Amino acid sequence: MDVLQHAPSLTPADAASLARRLFGVEATATPLSSERDQNFLLHTAQGDRFVLKIANSTDDRVLLDAQNAAMAHVARSSALCPRVIPTLDGELIGEVTPATGARHLVRLLTWLPGVPMATLPDHPAPLLEGLGAAVAELDAALEGFDHPAVHRDLYWDLARGLGLVRDLSPSIADAPMRELVTRLARQIDFRDGPRIDTLRRAVVHNDPNDHNVLVDQHVTGIIDFGDIVYSYAIADLAIAVAYAVLGKPDPLAAAVSVVRGYQQHRPLDDDEVASLFGLVLLRLCTSVCVAARQQQQRPDDAYLAISQGPIAETLPLLAVLDPAAVETAFREARGRTPAETLAARKRVIGGNLSVAYRRPVKIVRGWMQYLYDHAGRQYLDAYNNVPHVGHSHPRVVRAAAEQMLVLNTNTRYLHDKLAMFGERLVATLPPPLRICYFVNSGSEANELALRLARAHTRRRDVVVLDGAYHGNTTTLVDISPYKFNGPGGEGAPPWVHVLPLPDTYRGKYRADDPRAGEKYAEFARYVRNPSAFIAESAPSVGGQIILPDRYLASVYAIVRAAGGVCIADEVQTGYGRMGTHFYAFEAQRVVPDIVVLGKPIGNGYPLGAVVTTAEVAASFDNGMEFFSTFGGSTVACAVGLAVLDVVEEERLQEHARDVGAALLDRLRGMLGGHPLVGDIRGSGLFLGIELVRDRETLEPATSEAADTVNRMRDRGVLIGTEGAFANVLKIRPPMPFNMQDVEQLAATLTESLNP
Ligand SMILES: Cc1ncc(COP(=O)(O)O)c(C=O)c1O
């Protein structure tokens, strides 16, 4: 049945006389748009306004009864919806039978101010939040309402959506759209099917699309209860979102705004949040299918095709979103906004914990080399080395969770995993590095390394490289020039000796000097009676420096000859990151006396390790017990083993070598000639790009580096700055970083350097 043939066709004069006769209202009538009914705006001489609704002759009286009862129910707690004004006879529904002979039911409703949201040129985020809030208010006001007529078989009922799409999708004329709708329906069925069957049910308005939502400065009303039905309690939200995202350049951001507004008034339960995106897609698919069927029935109706334009534009954008990331974004939408999070953090957290980027990112989820913010936006993480094998790597997560379920205790009890992890770890190192200690951070590991060195040499003095950072404890700040010479620092204590950073781009001896390594090492000769020399085997904090050939061999020889031991801080560089070797010291063809490990070895689980020789360990074993409550715990060892498994099985060192070489090549090709780019250096997935204002004077381009990093962030790629002048762009991604990411990083960096 084509209901449009049964639409009433009164003139405005007919409508005015009908209003006078049935309701005693003396007014002029102006037609309002409607397809299947007729609506007139009535203006009285006193300035009052009403809406006269003349129903399609096919409309059921009980359904209009239900709509009226729903509006009356809503009016008890909300002014968002119109109220029904009775006829002179006290009836809520009147009748008219025009000359055509068909009988139409007639109602008079109060008028609400505002214009349909669909008529506004754009919908800023606060308006979309207001839409969500209004829909929540309507749903709350409908709570407890029921009527026999709303338990009906309606094709706009989302609970029927999957069946409807199955039946009607073959009639979609456009083949790519037919394929998309079919695929989405299958995906929704697979991902959400079992869950949506169990969702909370309620009577819902079922059509808060942007033509039915009135706005002034704010949302002023929601009209048209024609599709009222008993369905999923979140149907109104899903439908509001479905229409609010149409035509938006960033549909997910628009969706999140609506969901945020809704959840500030009405919390969703877990299953509802998980199902929402599927229902949004389902509504749009339903709309495409219904329009396709109508088009078959009325091939000449151009309006039908036009109304589908925005869906054809937006549905493909929604289809490529990761449903899990959208779910997280919806879940987070009930949380604080980034500004609120920042404000709360400032209130309660110490002020010298810095926040990256001028516009801080609120990250709520990580997956491999990608991070996702509160609004579901994906960022390419080219900065974080702690999630070495990838953010949330399932193998590591599972190892931690499974061990946690069984046992997590300390090293005073026997457990196989402690020695297993030790054996696996020393197997990655050359002899005679064979004895391990497990702690909880890089700082604890460096702190312990110093204790080992001091116990072994019975000396105190420490030799370090300029610009180095080794950790946050009192002693480590004392041996970190980056800290003691930086803001708030108090300079080097007398027992700390700082050697120049062997930087062949900016330092005293440059890349063109084949003996730069030995020459830099010579500075160590000035130190008397060192206990230890400690250095990153590729100084990262110092500016992503690749040491000149023979530097470590020469400096180690000098320090050892003076009676000191050599500590390699591999906290940033270990576990294959450098590509060519598992540890950065190997590229320098040395074997340290003590190796310090941190960040990547636990993939985010707090894990640090010190590996040393039997001799050094024997000196430390002097009667004083060494104990760390959490260090080497059962879970820590399970995690450590899982990380090593992944590094080996996924051949991440080789991967870093190949992808890193491609990245270095690409960066040199694209940026080598850029006036700001002074040096591009690195090994594997450990890279630095030094920005200078002048290639002769090497004046550091510090503010340009900061601007570049912030522009990259805005374009969805996360990197940082490093070095004494904070002018070195630091690229140090999780190891799964791939060739596609190389292209994205290189292109985004090129754009960001040329704003
Ligand atoms: C080279 C180096 N060593 C040690 C540390 C200290 O590690 P943690 O922060 O885990 O204590 C860091 C941390 O940034 C580091 O970069």
Side-chain angles (χ1 to χ4, degrees), residues 350 352-356 383-388 437-453 462-486 489 496 498-499 501-503 532-547 552 566-575 577-578 583-585 588 592 594-611 628 630-632 636 639-640 643 682-683 685-688 719-724 726 728 730-734:
N352 49 355
L353 268 81
S354 65
V355 180
Y383 184 77
N384 287 293
N385 59 344
V386 174
H388 190 68
Y437 302 85
F438 294 119
V439 288
N440 311 290
S441 64
S443 294
E444 274 186 68
N446 272 328
E447 191 67 52
L448 179 60
L450 289 186
R451 285 182 64 195
L452 293 175
V462 178
V463 186
V464 299
L465 291 186
D466 203 5
Y469 173 70
H470 293 293
N472 61 37
T473 66
T474 308
T475 311
L476 296 177
V477 169
D478 278 348
I479 66 158
S480 298
Y482 170 74
K483 289 286 173 202
F484 64 63
N485 283 336
V496 173
V498 181
L499 305 186
L501 182 64
D503 174 352
F533 166 79
I534 179 168
E536 284 190 89
S537 313
S540 174
V541 182
Q544 299 292 93
I545 304 288
I546 301 297
L547 294 173
L552 282 186
C566 297
I567 305 173
D569 181 337
E570 291 272 349
V571 165
Q572 296 220 27
T573 47
Y575 270 40
R577 171 162 300 279
M578 310 302 287
Y583 295 102
F585 67 76
Q588 287 270 312
I594 302 172
V595 172
V596 171
L597 298 171
K599 298 182 196 275
I601 73 169
N603 209 54
Y605 188 89
L607 200 53
V610 178
V611 188
S628 162
F630 303 118
V639 168
V643 173
S683 176
L685 287 172
F686 177 94
L687 287 88
I719 61 167
T721 57
E722 210 51 286
V728 180
K730 174 171 183 163
I731 299 168
R732 196 192 47 176

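Positions are given from 1 along the sequence. All figures in this text were calculated on a predicted structure; none of them were measured in a lab. Remember, it's 1-based here, ligands and their atoms both numbered in the order they're listed.
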Side chain of Q544, backbone of L687: donor and acceptor closer than 3.5 Å? yes

Check the pair I534, I594 against side chain to side chain contact (heavy atoms under 4.5 Å, CB included), reporting the backbone distance first and the verdict last. CA-CA 9 Å; I534 179 168; I594 302 172; over 6 Å; no

If only atom types and distance count, is the side chain of E570 paired as donor or acceptor with the main-chain N or O of A584 below 3.5 Å? yes

Heavy atoms from other residues, nucleotides or ligands near CZ of F630 exceed 12 (cutoff 6.0 Å): no

From Q572 atom CD to Y469 atom OH, the distance as rounded to the nearest 0.5 Å: 10.0 Å

Write down, by chain and number, every protein residue that brings a non-hydrogen atom to less than 4.0 Å from an atom of ligand 1. S441, G442, S443, N446, Y469, H470, G471, E536, D569, V571, Q572, K599

Using the side-chain contact (heavy atoms from CB on, under 4.5 Å) criterion, which residues pair with Y605? Sequence neighbours excluded. N408, S633, V635, A636, V639

